[in-house]
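To keep things clear, I will list the structure first and then write my remarks on it.
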Amino acid sequence: MTSEDPAVREFWDTLRLTTQARIGLGRAGNGLPTRRVLELAAAHATARDAVHIPLEVAELAAAVRDVGIGEPATVTSRARSRDEYLRRPDLGRVLAESRALPEHPADIGFVLADGLSPTALAHHGAALLSALVEQLRDRYTLAPPVIATQARVALGDHIGALQRVRTLLVIIGERPGLSVADSLGIYLTHLPRPGRTDADRNCVSNIHPPDGLGYADAARVAAGLIGGAVELGRSGVALKDTSRAGELH
């Protein structure tokens with residue numbers, strides 16, 4: 001059988017419905033069919049745009065304001081440009097402003113960070129925040145959100161410490177790929193402060209409905225992790241996601 005055989009095409013067409021990976025693309029001589037090459041080039045351009053197109057902060061702030069937990073503050077890191085942000089990850093972990101953020105002592109703080117995909121934050125940030133607030137507002141006090149640009153995950157440690165929140169959720173654009181360019185992650189840090197490491201955090205990843213994790217499911221997992229962090233008194237490697245344990249039996 002060849003890739004042009006109808007049975008072979010039907011097999012790959014069916015299998016491709018189960019994954020975003022590029023599989024069974026066929027052949028044209030010694031290479032891929034022209035259509036597949038163009039699709040790959042378009043995906044690569046989309047991923048590059050997701051990294052480099054700046055976040056429309058005012059537009060996101062308006063949507064975040066509508067979530068109803070306070071006026072969002074806006075901050076930026078010490079990276080002065082997108083190029084510097086990509087070359088110097090260390091600068092993306094430190095606040096540029098010398099002035100302190102206002103204190104808002106609360107159980108939970110939220111940082112919406114552009115990360116490596118401002119596009120992801122623009123597409124999903126406000127809706128994900130809304131789902132988190134819906135899941136958490138009856139059990140915890142919530143600080144007003146902070147929008148951070150040119151931001152790495154660890155920038156949240158400075159923000160959380162200044163706000164004096166007990167548990168911080170950083171909603172951040174994940175590194176784009178050739179299948180998904182607008183995926184978000186939630187990074188949870190209990191008792192945030194400068195100097196925390198990745199071992200002190202938990203992550204809920206691949207949030208980009210309809211093909212990835214949905215907002216409500218991501219919020220439910222985050223809520224379970226928050227409850228565990230409060231009980232343990234810490235987050236990170238000692239804290240496990242048990243939200244779906246019952247589904248395994």
Side-chain angles (χ1 to χ4, degrees), residues 64 67-70 72-73 75 93 95 100-113 115 121 124-148 151-174 183-209 212-249:
V64 167
V67 173
I69 57 169
V75 300
R93 300 184 183 112
L95 282 169
L101 280 167
E103 286 189 4
H104 285 287
D107 296 323
I108 311 293
F110 303 94
V111 174
L112 292 93
L121 192 63
H124 305 295
L128 177 56
L129 176 64
S130 181
L132 287 164
V133 169
E134 183 68 22
Q135 185 73 230
L136 300 171
R137 72 188 328 158
D138 292 336
R139 287 177 280 173
Y140 304 101
T141 56
L142 309 179
V146 177
I147 298 172
R152 303 279 175 171
V153 172
L155 190 71
D157 295 332
H158 297 262
I159 295 169
L162 289 169
Q163 285 191 308
R164 294 179 56 206
V165 299
R166 287 185 58 78
T167 304
L168 184 73
L169 300 181
V170 176
I171 301 167
I172 191 167
E174 297 182 313
S183 181
L184 285 179
I186 301 172
Y187 286 82
L188 180 153
T189 309
H190 190 61
L191 303 179
R193 62 176 183 269
R196 289 294 197 191
T197 70
D198 289 343
D200 299 312
R201 312 186 204 285
N202 296 85
C203 179
V204 183
S205 187
N206 201 37
I207 306 166
H208 58 97
L213 188 63
Y215 307 135
D217 286 339
R220 179 173 54 82
V221 174
L225 288 169
I226 291 169
V230 170
E231 184 176 346
L232 281 174
R234 63 187 184 276
S235 55
V237 295
L239 177 61
K240 307 301 179 186
D241 172 22
T242 60
S243 62
R244 287 166 287 189
E247 300 173 9
L248 302 177
H249 298 295

Let me have the donor-acceptor pairs involving side chains of residues 167-174, under 3.5 Å, with sequence neighbours excluded, atom names and distances please.
from, atom 1, to, atom 2, distance (Å)
Thr167, OG1, His190, ND1, 2.8
Glu174, OE1, Ser183, OG, 2.6
Glu174, OE1, Ser205, OG, 3.4
Glu174, OE1, Asn206, N, 3.2
Glu174, OE2, Ser205, OG, 2.4

How close do [X] and [Y] get, heavy atom to heavy atom, and via which atoms?
{"X": "Ile147", "Y": "Pro72", "answer": "CD1-CB, 4.2 Å"}
{"X": "Ala126", "Y": "Val67", "answer": "O-CG2, 3.9 Å"}
{"X": "Ala131", "Y": "Ala216", "answer": "CB-N, 4.3 Å"}
{"X": "Leu188", "Y": "Ala229", "answer": "CD2-CB, 4.3 Å"}
{"X": "Gly233", "Y": "Leu191", "answer": "O-CD1, 4.1 Å"}
{"X": "Leu136", "Y": "Ala223", "answer": "CD2-CB, 3.8 Å"}

Run Asn202 and Asp241 through side chain to side chain contact (heavy atoms under 4.5 Å, CB included) and show every step you take.
CA-CA 9 Å; Asn202 296 85; Asp241 172 22; over 6 Å; no

With [X] via side chain to side chain contact (heavy atoms under 4.5 Å, CB included) - residues at least two apart:
{"X": "Ala218", "answer": "Leu128, Ile186, Val204, Ile207, Leu213"}
{"X": "Ala127", "answer": "Tyr215"}
{"X": "Pro144", "answer": "His104"}

Rounded to the nearest 0.5 Å, what separation is found between the CG atom of Leu184 and the CG atom of Leu129?
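Leu184 CG to Leu129 CG: 11.0 Å, rounded to 0.5 Å.
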
Atom pair CZ/CG of Arg220 and Leu225 - distance to nearest 0.5 Å:
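The CZ atom of Arg220 sits 11.0 Å away from the CG atom of Leu225.
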
By salt bridge (Lys or Arg N to Asp or Glu O under 4.0 Å), which residues pair with [X], not counting sequence neighbours?
{"X": "Asp198", "result": "Arg201"}
{"X": "Glu103", "result": "Arg164"}
{"X": "Arg139", "result": "none"}

Over 12 foreign heavy atoms within 6.0 Å of CZ, Arg166:
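No, not enclosed.
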
Side chains of Leu95 and Leu162: closer than 4.5 Å at any heavy-atom pair?
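Answer yes - side chains close enough.
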
Could you check whether any side-chain heavy atom of Phe110 comes within less than 4.5 Å of a side-chain heavy atom of Val64, counting everything from C-beta outward?
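A side-chain contact is absent here, since even the closest heavy-atom pair is not under 4.5 Å.
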
Taking only residues two or more places apart in sequence, or in another chain, which ones meet Tyr140 in a ring-ring contact (aromatic ring centres under 6.0 Å, His included)?
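Partners of Tyr140 under the ring-ring contact (aromatic ring centres under 6.0 Å, His included) test: none.
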
Go through the structure and list residues passing side chain to side chain donor-acceptor pair (under 3.5 Å) with Arg234, not counting sequence neighbours.
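Side chain to side chain donor-acceptor pair (under 3.5 Å) check on Arg234 returns nothing, list empty.
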
Apply side chain to side chain contact (heavy atoms under 4.5 Å, CB included) to Asp157 and Arg93, showing your working.
CA-CA 9 Å; Asp157 295 332; Arg93 300 184 183 112; over 6 Å; no

